[in-house]
Participant: 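For reference, the structure I am asking about is given below.
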Amino acid sequence: MEYTCLPLSEIPTVSLLYKLKRLNQAAFPVATPSQTFNDIISHIRHDITNLQVDCIVNAANKSLLGGSGVDGAIHRAAGPDLVRECRGLDGCETGDAKITAAYRLPCKRIIHTVGPIYQIEVSRGIRRPESLLRSCYRRSLELAVENGMKSIAFAAISTGVYGYPSRGAAEAAIDEVRKFLDEPNNVGKLERIIFCTFERKDERAYEETIPQFFPPTQLDHESLVQSTNGESSPSPELLAATLPDPPTMDPVPDYEPQPKHKKMKINSGDSPQVIGDKKIEDDWEEVGHSEDEPIETLDDEPVEVDNAPSAADVRSVQSSSILDMDDSHSSENLLQKDW
Ligand code: ADP
């Protein structure tokens, strides 16, 4: 799938998505409608590295030195200066976030947050994954405001290799953003908050969940054909034509997938845990390579960027024309496979 650089003005708000009937009303909304919020919240399925917004939020690992999935895509697109800056950050705890420059990306800054590894955190306490995931969104929003960012685009944190179920992750993310916007201190701080999905399963989770927390207003329901003063406005069809083309299939990796070397091992003992190609020892992850495999270099120095395919990439290859992916293909199931 070809992705082009998208300016903020071409990223649809929730309000526009309602008008275009790309979002439907929820049967049981849990929050009151707000036109202000529906003009801030946005959703698009796109490659986040191509969004021309103030900042994007990366699903990083604790080392902050690059990984697979969206992290790898961001490091590859930003160039080797990013990993150099990240080396000085001393890693990042799960649920926390750090900010860097964006280098070759069209955005101004990158916020790196470390999402929970679902199966590990749930084994430590049933509420832990959700509270850590909420913290990722909250800390990222706070960092964006502290750094004068006005628009922020989130990848769907933890829903790839880290195995957080899409629907639960969307609910935690969207509810936390709603809570942030509801706080009087945060009024006017952020002009656009974009949920950027990549796979159909996550896109669908957001399409189902956004209307619960950001229900349509009366204005969102109104037809765009006729404006209130009687003058013609663009028809929904015309407006739809100005939106970026929705993808018709899940993303295909831009490189040949390599076989995974290691199995995921979830245990509660002292030995290190391994998820795909990410090893987790105590509270620290080792990113990427095994000793018998070369380290990728972005320039003259070895860097710890891992080009191995993510669960998303593997899914894309395994089912090359997936239009809909249900939870039976979720990351947890795939991760429990032998690679
Ligand atoms: P995590 O380890 O936190 O699960 P992943 O990178 O594996 O991180 O996946 C997080 C989310 O990012 C997934 O929903 C995945 O589909 C998505 N993703 C992968 N590549 C991109 C990309 N280039 N742009 C936007 N989202 C992406």
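Atoms within a ligand are numbered from 1 in the order they appear, just like the ligands themselves. Since the model is a prediction, treat every value here as computed from it, not as a measurement. All values below come from the heavy atoms of this structure, side chains included, with hydrogens, waters and symmetry mates left out.
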Participant: Quick one: does F198 get an N or O within less than 3.5 Å of an N or O on ligand 1?
Facilitator: no
Participant: Hey, is S158 one of the residues with a heavy atom under 4.0 angstrom from ligand 1?
Facilitator: yes
Participant: Does a side-chain heavy-atom distance below 4.5 Å link V53 with I152?
Facilitator: no
Participant: Tell me, do L190 and K150 make a side-chain contact under 4.5 Å, heavy atoms counted?
Facilitator: no
Participant: Using heavy-atom distances only, which candidate in T197, V70, N58, T159 approaches atom 6 (O) of ligand 1 most closely?
Facilitator: V70
Participant: Are the side chains of H112 and L82 in touch, meaning some heavy atoms are under 4.5 Å apart?
Facilitator: yes
Participant: Decide if the gap between the ring center of F195 and the ring center of H43 is smaller than 6.0 angstrom.
Facilitator: no
Participant: Under 3.5 Å, is there a donor-acceptor pair linking the side chains of Q35 and T217?
Facilitator: yes
Participant: Kindly identify the option in G67, G69, G160, P116 whose heavy atom sits closest to atom 9 (O) of ligand 1.
Facilitator: G160
Participant: With heavy atoms of H46 as the reference, note each atom of ligand 1 found under 4.0 Å away.
Facilitator: 24 (N), 25 (C)
Participant: Suppose I only count heavy atoms of A59 and a 4.0 Å limit; which atoms of ligand 1 are within that range?
Facilitator: 3 (O), 8 (O)
Participant: So, do S158 and Y118 sit near enough that their side-chain heavy atoms are less than 4.5 Å apart?
Facilitator: no
Participant: At a 4.0 Å cut-off, with the gap strictly under it, does some heavy atom of T49 reach an atom of ligand 1?
Facilitator: no
Participant: May I ask you to check whether V161 has an N/O atom sitting below 3.5 Å from an N/O atom of ligand 1?
Facilitator: yes
Participant: Show which atoms of ligand 1 fall inside a sub-4.0 Å distance from at least one heavy-atom site of E199.
Facilitator: 15 (C), 16 (O)
Participant: List ligand 1 atoms under 4.0 Å from D202, heavy atoms only on the residue side.
Facilitator: 14 (O)
Participant: May I ask you to test the R87-L65 pair for a side-chain heavy-atom distance under 4.5 Å?
Facilitator: yes
